[in-house]
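Some notes on the structure that comes next.
Position 1 is the first residue of the sequence; numbering continues from there.
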Amino acid sequence: MKRRSFIQKTTLTSSAIMMGGNLAFGKRANTNVVHNFNLKYAPHLGMFKHHAGEDPIDQINFMADQGFTAFEDNGMMNRDVSLQTKMGETLEKRNMTMGVFVIDKGGNMANTLAAGKKEYIDIFLDGCKKAVEVAKRVNAKWMTVVPGGFERNLPIGIQNANVIEALRRGADILEPHGLVMVLEPLSDSPDLHLRTSEQTYLICKGVNSPSCKILYDIYHMQKNEGHLIHNMDLTWDEIGYIQIGDNPGRNEPTTGEINYQNVFKWIYDKGFDGILGMEHGNSRPDKAGEQAVIDAYRKVDAFL
């Protein structure tokens, strides 16, 4: 064989082997490519259990594999210390930011701060103190607070003042640790004291602390007041955390009436670098429903 023919043949063979190798491993390479979301969307436990199984650590790892860079867990305070620690270590290893957990004060309607009663305030403050220790284990910054129900026998101004005073005392506990309680107005019941972004904004201004901000839950606020972008803009300097859910149904974006792609683009353009908690259900069951959630977020996040 002539030297030139040998070189050409060897080169073609080597190229074919390299191409074959790339093709052989192409499928694996594609599955390992992590999707880069523009915002920090935070799933919760149970959202992908059909893919990842029941183990919380496996679920967190699955979320990270899909490209999610944050995580939230309302019930974190009620988990074993050993699991809290392990979850915190996993989040750090996967470079995920811990989102909110709920400060335990006995439930959304219980121990209302609007009443101004010492026993209710003491329960709340005890929850704040315990939350500091939990936050250390999971490297959390934000904690959800729902002040409770109306105290109907008091004027609304007095109720607001009672809430502000209680939250100031909570902020005194959290502020030295750089922690932030985020107040969530809800649509679950007309008996809840805190229901609009306007009122929550007023209370945050009254508390006047970097440790007291608004949790703007888009699902609840669409139900209670609408005009999402307008009202977020009015209250923007006090918004510390955002949560997601389409309406009606409180499921993933694209299943209801909210134009989430436009809303997310507006939030992105505002320079928001915080977390958007995926506090909603899956509109469809099993693995297909879980994949639909992932696909929905990839779709509405494609606003650039």
Side-chain angles (χ1 to χ4, degrees), residues 72-81 83-84 98-138 140-217 220-221 224 238 240-241 243 277 279:
E72 66 178 23
D73 182 25
N74 283 346
M76 182 67 81
M77 285 192 71
N78 296 317
R79 303 194 187 281
D80 291 339
V81 171
L83 179 57
Q84 292 173 356
M98 179 66 202
V100 291
F101 61 84
V102 176
I103 291 182
D104 186 8
K105 59 171 274 297
N108 286 349
M109 289 295 298
N111 302 312
T112 176
L113 302 182
K117 294 181 179 179
K118 182 180 184 302
E119 58 267 34
Y120 296 167
I121 296 171
D122 287 346
I123 290 170
F124 165 63
L125 297 179
D126 183 61
C128 290
K129 292 171 185 175
K130 291 177 179 176
V132 171
E133 298 307 313
V134 175
K136 290 177 182 177
R137 296 186 197 109
V138 298
K141 179 179 180 179
W142 302 276
M143 285 136 285
T144 305
V145 170
V146 178
F150 279 108
E151 186 68 16
R152 298 288 186 184
N153 63 332
L154 293 176
I156 188 63
I158 302 300
Q159 293 184 62
N160 285 338
N162 286 340
V163 171
I164 289 169
E165 181 60 29
L167 294 175
R168 282 178 177 171
R169 294 180 63 184
D172 287 343
I173 295 170
L174 301 176
E175 193 170 331
H177 303 279
L179 304 178
V180 182
M181 55 183 166
V182 283
L183 311 183
E184 184 175 15
L186 298 171
S187 64
D188 298 330
S189 168
D191 291 323
L192 285 159
H193 176 262
L194 203 59
R195 288 179 47 81
T196 67
S197 59
E198 171 193 1
Q199 182 191 14
T200 315
Y201 184 81
L202 180 149
I203 287 173
C204 286
K205 289 299 184 185
V207 177
N208 192 29
S209 167
S211 288
C212 183
K213 296 296 177 182
I214 297 171
L215 192 172
Y216 193 100
D217 188 308
H220 288 297
M221 293 302 91
N224 281 357
E238 293 292 342
Y241 198 96
Q243 285 183 327
E279 197 186 36

Shortest non-hydrogen contact from T112 toward Y120:
O-CD1, 3.2 Å

Output yes when a side-chain donor or acceptor of N74 lies under 3.5 Å from a complementary backbone atom of V100, and no otherwise.
no

Kindly compute the distance separating NZ (K213) from OH (Y201), expressed to the nearest 0.5 Å.
9.0 Å

Regarding N108 and E184, do their side chains bring together a donor and an acceptor under 3.5 Å, going by distance alone?
no

Does any donor atom in the side chain of E72 or Y241 lie under 3.5 Å from an acceptor atom in the other side chain?
yes

Mark yes or no for whether Q84, through its side chain, and R79, through its backbone, hold a donor-acceptor pair below 3.5 Å.
yes

Provide the closest heavy-atom pair for H193 versus A114 in the form atom of the first, atom of the second, distance.
CD2-CB, 3.9 Å

Interatomic distance, S209 atom OG to R169 atom CZ [nearest 0.5 angstrom]:
14.5 Å

Check this for me: does any side-chain nitrogen of one of D172 and R168 sit under 4.0 Å from a carboxylate oxygen of the other?
no

Interatomic distance, CE@M109 vs CZ@F150, rounded to 0.5 Å, equals 9.5 Å

Pair E133 + K136: basic N to acidic O under 4.0 Å
yes

Can you check side-chain contact (heavy atoms from CB on, under 4.5 Å) on N160 and I203, steps first, answer last?
CA-CA 7 Å; N160 285 338; I203 287 173; 4.0 Å; yes

Does any non-hydrogen side-chain atom of V132 lie less than 4.5 Å from one of L174?
yes

For the backbone of G116 and the side chain of E151, can you confirm whether one donor and one acceptor N or O come within less than 3.5 Å of each other?
no

Pairwise distance CE(M221) to CD1(I214) - rounded to 0.5 angstrom
10.0 Å

Tell me whether D191 contacts the main-chain N or O of G149 through its side chain, where contact means a donor paired with an acceptor under 3.5 Å.
no

Considering only heavy atoms from C-beta outward, does the side chain of N224 approach that of S187 to under 4.5 Å?
yes

Closest heavy-atom pair, C128 versus I103, reported as atoms and distance to 0.1 Å, is N-CG2, 3.9 Å

Roughly how far apart are L83 CG and N78 CG, rounded to 0.5 Å?
12.0 Å

Grab the two heavy atoms, one from Q159 and one from L154, that are nearest each other, plus how far apart they are.
NE2-O, 2.9 Å

Are side-chain heavy atoms of E279 and L215 found at a separation under 4.5 Å?
no

May I ask you to test the D126-K130 pair for a side-chain heavy-atom distance under 4.5 Å?
yes

CD1-NZ distance between I123 and K117, expressed to the nearest 0.5 angstrom:
11.0 Å

Within the side chain of R195, is there an N or O that forms a donor-acceptor pair under 3.5 Å with the backbone of H220?
no

Less than 4.5 Å apart, any side-chain heavy atom of Y216 and any of T200?
no

Can you see which heavy atom on A171 is nearest to which on P176, and at what distance?
O-CD, 4.3 Å

Can you check whether G106's main-chain N or O pairs, donor with acceptor, with D104's side chain at less than 3.5 Å?
yes

Distance-only, no hydrogens or angles: does the K105 side chain make a donor-acceptor pair with backbone N or O of A110 under 3.5 Å?
yes

Heavy-atom count around K205 NZ within 6.0 Å, excluding the residue itself: above 12?
yes

Taking all non-hydrogen atoms of both residues into account, name the closest pair between M98 and A140 and its distance.
CG-CB, 3.7 Å

